[in-house]
There are 2 protein chains.
Amino acid sequence: MGTGTEARQVVTGGAVLDTALTLFAQRGYHGTALSQIAEVLGIRTPSLYNHMRSKQELLQTIIRQTLDSVMEDFEAAVDGVQDPVERLRRATRVYALRHATHRREALVVNRDTTSLEEPSLSALRARRRDHERAFRAVISDGVESGAFTVDSPVLASFAILEMCVSIARWFRDPGALSAADVADQYTGFALQVVGVQT
Amino acid sequence: MGTGTEARQVVTGGAVLDTALTLFAQRGYHGTALSQIAEVLGIRTPSLYNHMRSKQELLQTIIRQTLDSVMEDFEAAVDGVQDPVERLRRATRVYALRHATHRREALVVNRDTTSLEEPSLSALRARRRDHERAFRAVISDGVESGAFTVDSPVLASFAILEMCVSIARWFRDPGALSAADVADQYTGFALQVVGVQT
DNA sequence: TTGTGATACGAACGAGCGTTAGCTAGCGTC
DNA sequence: GACGCTAGCTAACGCTCGTTCGTATCACAA
């Protein structure tokens, strides 16, 4: 009757990573069993080891790739831009946009970074701090040049960054607002926080 | 030689809950074993069951009590206050302050609510939405009265609430700023987000 | 002094976890 | 047509988990 060949051997390393990403985002790293990943992919648990070294490696790969992309986004966004207002606008927009378009990655990074084992934990925490520091410098520069007015650049940068991070928690793609709409509005919030009239 | 009696029978239900709170906040619900809670308390794992019904019950109690307190804080803060600006100021301040002074509770609620089993999951999600709705209404009212200027009260309320939530992630008690300082500054951010000059 | 309730303990359970080992079937290449 | 590579499978491992059971020990009231 034409059913013929079963679907076979379609699983790739990328598919395992993508499924792990989805389930880690839903249930958390420790709340996700490899058997659940295998079930979604339609294979048995041990077969996963043809595509990965360990469960922990999946988490490390997800978080490392995500943090790298965040930093690349940031640098591409502010590269060559001098005006502090425009720098903050662009840095915020790409960060907000990423959290709307890559919700799963954001949820895993923010929830499960503490589940990383050393030495990845230290290395990736440092990578995250690099972005925080660079973002904070945008605000500090603007304060020194008189473009921004804030009591504490540290507090302002945390407030703006975490405001963007939270987009990943409620944003739904076919929703009332597009990712670009949300990013634009959050960019406006960020500028208001640092005292720029809009 | 005076060592005499070992320390015995000092563990109470409250101590179990408090230890669970600390460890859940550090490692997450699924990342915490009952044996770790028992070890901190200096007893064996099965002895925990003299003070609780199950691990899941610990999580439910922590989250339920926290969400109740959040709602009580909110209502006490805005009760009898008419001016939208003052209502938002007070609602934001108590929320920000709570996330600085009750960091562990905030971390568990935001990380491990998805680990709740039904029917608690639905009930407590609804309780959280009650607060979100009430907070959003403060902003909507201010927009209608002309006190605030925002495109979307939904986005603005999410941005402000989650900005406050994130305080729990970086705040340290004996730090450069007191909890009250942080709450005051975040209240300023909130008012700027909704377009109030400060 | 006896009894009662609370709290601790050791032993053990069934289940599930991540992981390894060894084997089999299908594929493209020579 | 034999070969090796890839990716699947079953079986099994050692371990840890949350939980239950029966028992011993203590403080305190009668």
Side-chain angles (χ1 to χ4, degrees), chain A residues 3-24 26-63 108 111-112 114-118 120-121, chain B residues 3-24 26-63 108 111-112 114-118 120-121:
Chain A
T3 64
T5 53
E6 289 272 335
R8 276 168 213 261
Q9 181 170 327
V10 287
V11 173
T12 67
V16 172
L17 206 61
D18 187 76
T19 305
L21 179 54
T22 298
L23 293 183
F24 288 175
Q26 280 175 9
R27 319 182 184 309
Y29 176 73
H30 281 123
T32 303
L34 290 184
S35 60
Q36 297 174 309
I37 298 176
E39 189 181 9
V40 171
L41 293 166
I43 60 177
R44 308 289 175 175
T45 308
S47 302
L48 289 172
Y49 285 81
N50 289 318
H51 308 287
M52 66 178 207
R53 256 200 283 276
S54 69
K55 186 188 182 188
Q56 173 72 201
E57 185 207 46
L58 290 176
L59 182 64
Q60 292 178 8
T61 302
I62 289 168
I63 295 182
V108 173
R111 175 177 186 162
D112 293 314
T114 58
S115 298
L116 286 170
E117 297 167 3
E118 294 290 2
S120 290
L121 177 59
Chain B
T3 65
T5 52
E6 290 273 334
R8 277 168 214 258
Q9 180 170 328
V10 286
V11 173
T12 67
V16 172
L17 207 59
D18 188 75
T19 305
L21 180 53
T22 298
L23 294 183
F24 288 174
Q26 279 175 10
R27 318 179 183 313
Y29 176 73
H30 281 123
T32 303
L34 289 184
S35 60
Q36 297 174 310
I37 297 175
E39 189 181 10
V40 170
L41 292 167
I43 61 176
R44 309 289 174 176
T45 308
S47 302
L48 289 172
Y49 285 81
N50 288 317
H51 308 287
M52 65 177 205
R53 255 200 285 276
S54 67
K55 186 188 181 188
Q56 173 72 200
E57 186 207 47
L58 290 176
L59 182 64
Q60 292 178 9
T61 302
I62 289 169
I63 295 182
V108 173
R111 176 177 186 162
D112 292 315
T114 59
S115 297
L116 286 169
E117 296 167 3
E118 296 288 4
S120 289
L121 176 59

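Note that the structure is a prediction, hence the values are computed from the model and not measured. Each chain gets a letter, A, B and so on, in the order the sequences are listed, and its residues count up from 1.
Not a single side-chain hydrogen bond (donor to acceptor under 3.5 Å, both in side chains) links B:Thr32 to another residue, sequence neighbours left out. Evaluation of the side-chain contact (heavy atoms from CB on, under 4.5 Å) rule for B:Glu117 yields B:Gln56 as partners, not counting sequence neighbours.
In the region residues 46-58 of chain A, proximity to DNA chain C at under 4.0 angstrom, judged on heavy atoms, holds for A:Pro46, A:Tyr49, A:Ser54, A:Lys55. For the segment residues 13-22 of chain B, no residue has any heavy atom less than 4.0 angstrom from an atom of DNA chain C.
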Compile the donor-acceptor pairs under 3.5 Å between side chains in residues 12-19 of chain B and protein atoms, sequence neighbours left out, one pair per line.
unit_1  : atom_1 : unit_2   : atom_2 : d
B:Thr12 : OG1    : B:Gly14  : N      : 3.4
B:Thr12 : OG1    : B:Ala15  : N      : 3.2
B:Asp18 : OD1    : B:Arg104 : NH1    : 3.3
B:Asp18 : OD1    : B:Arg104 : NH2    : 3.1
B:Thr19 : OG1    : B:Ala15  : O      : 2.9

Compile the donor-acceptor pairs under 3.5 Å between side chains in residues 33-49 of chain B and protein atoms, sequence neighbours left out, one pair per line.
unit_1  : atom_1 : unit_2  : atom_2 : d
B:Gln36 : OE1    : B:Ala33 : N      : 2.8

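A salt bridge (Lys or Arg N to Asp or Glu O under 4.0 Å) check over residues 48-60 of chain A, counting only residues at least two apart or in different chains, returns the pairs A:Arg53-A:Glu57.
Rounded to the nearest 0.5 angstrom, B:Thr61 OG1 and B:Leu21 CG are separated by 11.0 Å.
If you check D:dC9, C:dG18, C:dG10 against the side chain of A:Leu34, the one that comes closest is C:dG18.
One interatomic measurement links the two molecules: CD of A:Glu39 to P of C:dG18, which rounds to 13 Å at whole-angstrom precision. One interatomic measurement links the two molecules: CD1 of B:Ile43 to P of C:dA6, which rounds to 17 Å at whole-angstrom precision.
Within 4.0 Å of A:Ser35, counting heavy atoms only, lie sugar-phosphate atoms of the nucleic acid but no base atom. In this structure, A:Thr32 reaches the sugar-phosphate backbone alone: every heavy-atom distance under 4.0 Å involves primed, P, OP1 or OP2 atoms, never a base.
For the residue pair A:His30 and B:Gly31, the shortest heavy atom distance occurs at ND1-CA, 3.6 Å.
For the side chain to side chain contact (heavy atoms under 4.5 Å, CB included) with B:Asp112, the qualifying choice from B:Leu116, B:Val108, B:Thr114 is B:Val108, the only one to do so.
With the nearest nucleotide of DNA chain D identified for both A:Arg44 and B:Gln36, A:Arg44 has the one nearer the 5' end.
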